[in-house]
Enquirer: 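The structure under discussion is supplied below as C-alpha cells; questions concerning it will follow.
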Amino acid sequence: MSFRKKVKSNVPRVALESITTLVVGDIKTGKTRLWKEVTEAHYASPEEAILLAFEDGYETWELDEIVPLHAEGTDTELWKVWDFFKKGVVPGLVEEAKNGRIAKLIGVDTVDRAIDACTAWILHDRKRKYGKTFESIQDISESTGGKENGWTALGDELKKPFDTLKNAGYGLFYLGWTKEKETTLYDGRKYNSLQLAMANTGKKVFASQASLICCLHNEVNILNKDGEIMEDNAKDKRGRD
C-alpha cells in the first residue's frame with residue numbers, strides 16, 4: 001500500500017473536544033471559574049463536560065458534572081486517588097466512548113495535584129515491589145542502584161491514562177499552577193517570568209502535548225496616596241522608578 005493513501009488534510013475545528021488545552025495561573029486566579037464559564041458557553045448540556053477533581057477547589061462554584069477524586073484518599077493514602085482514577089474512572093470513560101459517549105470534554109483540576117497523586121502511587125507500588133520504603137522519586141533511582149529510574153517510571157505512569165483518554169476521542173482541558181522565577185542574563189540584568197510550577201517530568205506530559213496554553217493573572221490597579229489609579233510608576237527626584 002502506498003503511503004499516499006494515508007495522506008490527508010487537516011481543517012481546525014472550533015471545538016474544545018478536538019484539542020488539548022492547558023490553562024495555568026497562580027492560586028485563585030480563576031482557573032476553575034474559567035472551566036465553568038467556558039464549558040457553559042460551548043456546550044448545551046452539562047453532561048458534555050466532566051471535571052476530574054484532584055483537589056476541592058470547585059466548592060464555591062455550581063457545577064453539575066464533577067468526579068471528586070480527591071475524596072478517595074487522604075495525604076497519607078494519596079496513592080488511592082491515582083489508583084481509583086486509573087482503574088475506575090479511565091476504563092469507565094473508555095467504555096462510554098465505545099458504547100454511548102456522554103462527555104466530550106474532560107477537565108483535570110489540577111494537573112499538579114494529579115502529579116502528586118501519581119507520585120504517591122509510584123512510591124506505594126515500588127514499596128511493594130522492592131519491599132522497602134522510598135522517601136522520594138529520586139530515592140528510587142538511588143536505592144535500586146540504577147536498576148530503575150524513578151523519574152522515568154513517574155513519566156511513564158503519568159502519561160498512560162491521559163493518552164488513553166485522548167485516544168478514546170476525548171478533548172482534554174488541563175488546569176495547573178504557575179510560579180514566578182527570576183532570571184539573570186549574562187550581562188547581569190534580571191527579569192521575572194511566570195513558569196509552570198510542575199517539574200520537567202510533568203511538562204513533558206502536559207505542556208508538550210497541549211494545542212493551546214493560556215496563562216491567567218489577576219488584574220491589579222495600583223493607587224497613589226490619594227486613591228487615584230496610577231498609569232505609570234512614581235519617580236524620585238533623579239527620575240528613577
Enquirer: Any chain of hydrophobic side-chain contacts (each under 4.5 Å) joining Ile213 to Leu105?
Expert: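 Each belongs to a different hydrophobic cluster.
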Enquirer: Evaluate the side-chain proximity of Val111 to Leu175: yes if any heavy-atom separation is below 4.5 Å, no if none is.
Expert: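 No, every pair of side-chain atoms sits at 4.5 Å or beyond.
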Enquirer: Yes or no on side chain to side chain contact (heavy atoms under 4.5 Å, CB included) for Leu216 and Lys31, after CA distance, side-chain angles and deciding distance?
Expert: CA-CA 8 Å; Leu216 306 180; Lys31 296 182 290 295; 4.0 Å; yes
Enquirer: Between Glu142 (side chain) and Asp139 (backbone), is there a donor-acceptor pair under 3.5 Å?
Expert: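 It does not hold such a pair.
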Enquirer: Would you check if Tyr43 and Glu17 make a side-chain contact, meaning some heavy-atom pair closer than 4.5 Å?
Expert: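 The answer is yes; the side chains approach within 4.5 Å.
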Enquirer: Roughly how far apart are Cys118 SG and Phe162 CZ, rounded to 0.5 Å?
Expert: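 With rounding to 0.5 Å, SG (Cys118) is 8.5 Å from CZ (Phe162).
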Enquirer: Rounded to the nearest 0.5 Å, what separates atom CD1 in Ile27 from atom OG1 in Thr178?
Expert: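 Reported value, rounded in 0.5 Å steps: 9.0 Å.
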Enquirer: Surrounding NZ of Lys204 (heavy atoms of other residues, nucleotides or ligands, distance under 6.0 Å), is the total greater than 12?
Expert: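 At most 12 heavy atoms, drawn from other residues, nucleotides or ligands, come within 6.0 Å of this atom.
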Enquirer: Say whether, by atom type as modelled, one donor and one acceptor occur between the side chain of Lys36 and the main chain of Glu62 under 3.5 angstrom.
Expert: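 A pair under 3.5 Å: yes.
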Enquirer: For a side chain to side chain contact (heavy atoms under 4.5 Å, CB included) check, start with the C-alpha distance between Tyr170 and Lys104, then their side-chain angles and the critical distance, and finish with the verdict.
Expert: CA-CA 5 Å; Tyr170 291 103; Lys104 297 179 180 178; 5.9 Å; no
Enquirer: Let me know which of Leu22, Ile19, Thr20, Thr21 forms a side chain to side chain contact (heavy atoms under 4.5 Å, CB included) with Phe173.
Expert: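 Only one of Leu22, Ile19, Thr20, Thr21 forms a side chain to side chain contact (heavy atoms under 4.5 Å, CB included) with Phe173, namely Thr21.
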Enquirer: When rounded to the nearest 0.5 angstrom, what distance separates CG in Leu154 from CD in Gln138?
Expert: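 Here the rounded value is 12.0 Å.
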Enquirer: Do Asp83 and Lys80 sit within salt-bridge range, that is, some charged N less than 4.0 Å from a carboxylate O?
Expert: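 No, this pair does not count.
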Enquirer: Within the 3.5 Å criterion, strictly below it, is a donor on Glu148 or Tyr130 matched to an acceptor on the partner's side chain?
Expert: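 Judged by distance alone, the side chains do pair up.
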Enquirer: Kindly indicate whether the side chain of Ile66, heavy atoms from C-beta on, has any atom under 4.5 Å from the side chain of Tyr58.
Expert: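 In short, these two side chains touch, coming nearer than 4.5 Å.
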Enquirer: Are Lys166 and Leu172 close enough, and set up right, to give a side chain to side chain contact (heavy atoms under 4.5 Å, CB included), and what steps lead you there?
Expert: CA-CA 7 Å; Lys166 186 175 181 179; Leu172 298 173; 4.2 Å; yes
Enquirer: Would you indicate whether Lys235, at its atom NZ, is surrounded by more than 12 heavy atoms from other residues, nucleotides or ligands within a distance under 6.0 Å?
Expert: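 More than 12 heavy atoms, drawn from other residues, nucleotides or ligands, come within 6.0 Å of this atom.
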Enquirer: Please identify which of these residues, Val108, Ile115, Leu196, meets the side chain to side chain contact (heavy atoms under 4.5 Å, CB included) condition with Phe206.
Expert: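 Output: one option passes, namely Ile115.
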Enquirer: What are the two closest heavy atoms between Thr201 and Trp151, and how far apart are they?
Expert: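 The answer is OG1-CE3, 3.4 Å.
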Enquirer: Do the non-hydrogen side-chain atoms of Cys214 and Val24 ever get within less than 4.5 Å of each other?
Expert: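 The answer is no, as the side chains (C-beta and beyond) never meet within the 4.5 Å cut-off.
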Enquirer: Consider only side-chain N and O atoms of Trp35 and Asp109, and report whether a donor and an acceptor are under 3.5 Å apart.
Expert: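 There is no such pair between these side chains.
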Enquirer: Sub-3.5 Å donor-acceptor pair from the side chain of Ser143 to the main-chain atoms of Ile140, do we have one?
Expert: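 Here the side-chain-to-backbone pair does not exist.
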Enquirer: Give the minimum heavy-atom separation between Arg113 and Leu78, together with the two atoms involved.
Expert: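 Looks like NH2-CD1, 4.1 Å.
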Enquirer: Any side-chain heavy-atom pair from Ile229 and Ile222 closer than 4.5 angstrom?
Expert: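 Counting from C-beta outward, Ile229 and Ile222 never come under 4.5 Å.
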Enquirer: Using 4.0 Å as the upper bound for N to carboxylate O, is an ion pair formed by Arg238 and Asp236?
Expert: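 Salt bridge: no.
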Enquirer: Do Ile106 and Leu63 share a hydrophobic cluster (ILVMFWY, side-chain heavy atoms under 4.5 Å, transitive)?
Expert: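 No, no single cluster joins them.
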Enquirer: When the aromatic ring centroids of Phe85 and His70 are compared, is their separation below 6.0 Å?
Expert: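 No - the distance between ring centres of Phe85 and His70 does not fall below the 6.0 Å cut-off.
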Enquirer: Could you give the distance from CZ (Phe134) to CD1 (Ile122), rounded to the nearest 0.5 Å?
Expert: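 So the gap between those two atoms works out to 11.0 Å.
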Enquirer: Show the nearest heavy-atom pair for residues Leu16 and His42, with the distance to one decimal.
Expert: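 Taking every non-hydrogen atom into account, CD1-CG, 4.1 Å.
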Enquirer: Would you say the side chain of Glu96 lies within less than 4.5 Å of the side chain of Arg101, judging by non-hydrogen atoms?
Expert: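 They are not in side-chain contact.
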Enquirer: Test side chain to side chain contact (heavy atoms under 4.5 Å, CB included) on Lys159 and Asp156; report intermediate values, then the result.
Expert: CA-CA 6 Å; Lys159 69 182 180 181; Asp156 291 343; 3.9 Å; yes
Enquirer: Rounded to the nearest 0.5 Å, what's the gap from CG on Leu69 to CG on Leu52? Could you check?
Expert: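 Between Leu69 CG and Leu52 CG, I get 5.5 Å after rounding to 0.5 Å.
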Enquirer: Is the closest basic N to carboxylate O distance between Lys160 and Asp163 below 4.0 Å?
Expert: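 Salt bridge flag = no for Asp163 with Lys160.
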Enquirer: Is it true that Val90 and Ile102 fall in one hydrophobic cluster, defined by side-chain heavy atoms closer than 4.5 Å?
Expert: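 The answer is no; the residues belong to distinct hydrophobic clusters.
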Enquirer: Grab the two heavy atoms, one from Arg126 and one from Ala153, that are nearest each other, plus how far apart they are.
Expert: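 The pair with the smallest heavy-atom distance is NH2-CB, 3.5 Å.
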Enquirer: For Trp82 and Glu157, does a side-chain donor sit closer than 3.5 Å to a side-chain acceptor?
Expert: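 Yes, because at least one side-chain N or O of Trp82 sits under 3.5 Å from a partner of the opposite role on Glu157.
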Enquirer: What pair of heavy atoms forms the shortest contact from Thr144 to Ser141, and how long is it?
Expert: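 Looking at all heavy atoms of both residues, the shortest contact is OG1-O, 3.5 Å.
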Enquirer: Any link between Val38 and Tyr174 through a network of hydrophobic side chains (Ile, Leu, Val, Met, Phe, Trp, Tyr) touching at under 4.5 Å?
Expert: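 Different clusters: Val38 never reaches Tyr174 through Ile, Leu, Val, Met, Phe, Trp or Tyr contacts under 4.5 Å.
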Enquirer: To the nearest 0.5 Å, how far apart are OG1 in Thr29 and CG in Leu34?
Expert: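 With rounding to 0.5 Å, OG1 (Thr29) is 9.0 Å from CG (Leu34).
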Enquirer: Quick check on the hydrophobic clustering: are Leu51 and Trp177 connected, directly or via other members, by side-chain heavy-atom contacts under 4.5 Å?
Expert: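 In one cluster: no.
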Enquirer: Is there a side-chain contact between Lys203 and Ser208, using heavy atoms and a 4.5 Å cut-off?
Expert: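 Sidechains of Ser208 and Lys203: no contact.
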Enquirer: Pairing donors with acceptors under 3.5 angstrom, does anything connect the side chains of Thr110 and Glu55?
Expert: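 Looking only at side-chain atoms, Glu55 and Thr110 do form a donor-acceptor pair, the distance falling under 3.5 Å.
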Enquirer: Restricting to non-hydrogen atoms, name the atom on Val94 and the atom on Ala168 that form the minimum distance, rounded to 0.1 Å.
Expert: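 In this case the closest contact between Val94 and Ala168 is CG2-CB, 4.3 Å.
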Enquirer: Under 4.5 Å between any side-chain heavy atoms of Phe54 and Val81, yes or no?
Expert: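 Yes. Closest side-chain heavy atoms under 4.5 Å.
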